[in-house]
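Just so it is clear, the values below take in all heavy atoms, side chains as well, and ignore hydrogens, waters and symmetry mates. Each ligand, and each atom within it, is numbered from 1 in the order the structure gives. Just so you know, these numbers come straight off a predicted model, no measurement behind them.
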Amino acid sequence: MTKLTCFGGVSQIGGNKFLIESNGTRILMDFGMNFAEEGKFFDEYMGPRTCNSLADMVELGMLPKIEGLYRRDYAKHMGFGGNEDTSVDAVLLTHAHIDHCGYVNFLRPEIPVYCSDASHAILQSFDDTGTDQYLTFKENFQVYENRNGEMSRARSDKTARPRNVIPVSGGDSFSIDSIEVLPIPIDHSIPGMFGYILHTPDATIANTGDLRLHGRRPDETEGFIEQCSKSSLDLLMCEGTRINKDPSYTELDVEQMSSEIISKTENLVVCSYPIRDLDRFMSIYNATKASNRVLAIDTKQAYLLKLFNDNPALHGMYPSPDDSSLRIFIHRGSWGLLDKDLDHFTQRQLLMDYKEWEKPFLDYHNAIDYRDVRKQQRETVLYCSDFKLQQLIDIKPDAGASYIRSSTEPFDIEMRLKSELIKNWLEHFGLISNDRSWHQIHVSGHGDREQIAKVVAGSNAKKVFPIHTEHPEMFQGISENAVTITENKTYEVSK
Ligand SMILES: [Zn+2]
């Protein structure tokens, strides 16, 4: 018998955590954070307690209560067992968006986590350039005896070891006990998205993850639909983030519209987009090139492009950081020694302004800083993160500059406040006029109603479970096989 339990990602967008059980084998698909649940109880200055995070989050329904799933250091310290056998055989990650992978660091490090090479590279960039840990595991709450024979508390970073994260190739099936798993590439707003088809001894189940048909790689999504139709699906778990939306622009329209704005702009173009959405990066990159300008990216994006190009499985998919149409913008570090007299300070002191992972970029032939951008405003499109808008103080854009915002529209009160703050900066530097409107050029990573209907019809599945949607009932309008499901309830799936 095959059983499915959804511990999140049902009548909500994100927080996907789906458990498949068959003949004693247990596989989790995704282990994501749910932004809405977290926002209900926590905010920036009030989160789960370090000493009790696992139990705090189980109490509030953010994590499921499953024995043998969580890291032993947390489980033991937080009254959650920890000595029992590991109870989950594998995690299949669809992609590296936080609402699908955000809670992986709570899992036992020996549980194999399967993902694409691209997802692996993105997780690596999170680990290396931020504070998250996906590929490594640092044991907490360990004690040791110090030189004076006293018991002391070990620092967790002394005990880092790798997690069992296994990159696999799209189209190559593999087995976890008696379950055969087929990962299939799908187009979404981040590279490396996998849909999965699972053949258990008594059922065939597909999970779309997040998908769209209006990106740069619609053939991948078409290929997934085709594979589903050939697989006699007993169940399709289908995302419906935008099932209530009509068709709109495509990713190629984003490139075209950006290109028009860049070519009409007299001086500097500043833009903002999600840096891990490398297909969006390509839209801005192509638009920049078409206008005979160069695109100045930040060191985080340069590092991600480097990880992709250093990986033989991903090399050449996207430009390398030393590409002739790219510049790497070196920000001023904590002492800001970039423009200071290095007869007084030393090169070594300058390097101390930067993290290990970004130091190599200072020597790149295409590294630039604010002085170069100030001099070459007509020739440059500058990527500027919302959190680095202070750089505009150094650049001082001339009149005739413009701003392209290529990310999602604000959708709640907090984000609205934040966009007001961003607009204050942009207005101050003349990047938007006093009517405070900016060039919003964005398409979603998720398919609209017509696309979802195409996926559902094309898959030929006997049953459809809506996931990752606030409108599960709308699936009934596109398929008579759609069943609205309940979180935390176990369903039997059979032929
Ligand atoms: Zn996603």
Side-chain angles (χ1 to χ4, degrees), residues 6-18 28-39 91-104 113-126 130 132 134 170 183-196 206-218 220-221 224-225 236-245 248 250-251 254 273-283 304 406-409 411-412 415 442-449 451-452 455 465-472:
C6 300
F7 294 107
V10 176
S11 296
Q12 55 196 193
I13 294 170
N16 290 20
K17 297 174 207 74
F18 309 137
L28 265 171
M29 287 196 277
D30 285 337
F31 207 62
M33 177 189 293
N34 183 316
F35 299 128
E37 287 286 318
E38 285 229 346
V91 175
L92 307 176
L93 265 199
T94 59
H95 62 299
H97 274 153
I98 303 298
D99 57 337
H100 294 257
C101 69
Y103 291 154
V104 162
V113 178
Y114 295 88
C115 66
S116 63
D117 287 291
S119 292
H120 191 275
I122 294 163
L123 296 178
Q124 176 92 55
S125 78
F126 278 126
D132 300 312
Y134 291 102
I184 303 168
I186 285 182
D187 186 23
H188 181 44
S189 50
I190 192 165
M193 162 69 217
F194 273 164
Y196 287 100
N207 174 8
T208 63
D210 291 348
L211 55 70
R212 64 176 172 187
L213 283 154
H214 57 264
R216 305 188 87 86
R217 298 168 279 121
E220 290 188 349
T221 310
F224 172 77
I225 301 171
L236 173 72
M237 304 172 72
C238 185
E239 78 117 323
T241 315
R242 295 179 70 250
I243 194 168
N244 59 333
K245 297 282 195 270
S248 67
T250 68
E251 189 61 41
V254 169
Y273 55 87
I275 58 165
R276 288 173 201 92
D277 182 354
L278 291 180
D279 286 353
R280 177 59 46 80
F281 157 77
M282 283 311 297
S283 299
L304 183 60
S406 195
S407 51
T408 186
E409 299 257 27
F411 55 81
D412 64 24
M415 283 182 77
H442 175 69
V443 292
S444 171
H446 303 273
D448 53 62
R449 183 173 54 249
Q451 294 180 26
I452 299 301
V455 174
F465 283 0
I467 52 167
H468 207 276
T469 179
E470 289 172 348
H471 304 282

task = Only counting residues at least two apart or in another chain, list the ones meeting salt bridge (charged side-chain N to carboxylate O under 4.0 Å, His left out) with D279.
result = R217
request  = Would you give the length of the straight line joining atom NE2 of H468 to atom CD1 of I243, rounded to the nearest 0.5 angstrom?
outcome  = 13.5 Å
task = Look at the aromatic rings of H100 and H95 and report parallel, tilted or perpendicular, splitting at 30° and 60°.
result = tilted
remark   = Here the Zn ion (ligand 1) sees protein N, O or S atoms within less than 2.8 Å, and their number is 4
ask   = Step by step, would you call H214 with D448 a side-chain hydrogen bond (donor to acceptor under 3.5 Å, both in side chains)?
value = CA-CA 9 Å; H214 57 264; D448 53 62; 4.9 Å; no
task = Identify, with sequence neighbours excluded, every residue that meets side-chain hydrogen bond (donor to acceptor under 3.5 Å, both in side chains) alongside N207.
result = none
inquiry  = So, using side-chain hydrogen bond (donor to acceptor under 3.5 Å, both in side chains) as the criterion, who are the partners of D132 when residues are at least two apart?
reply    = none
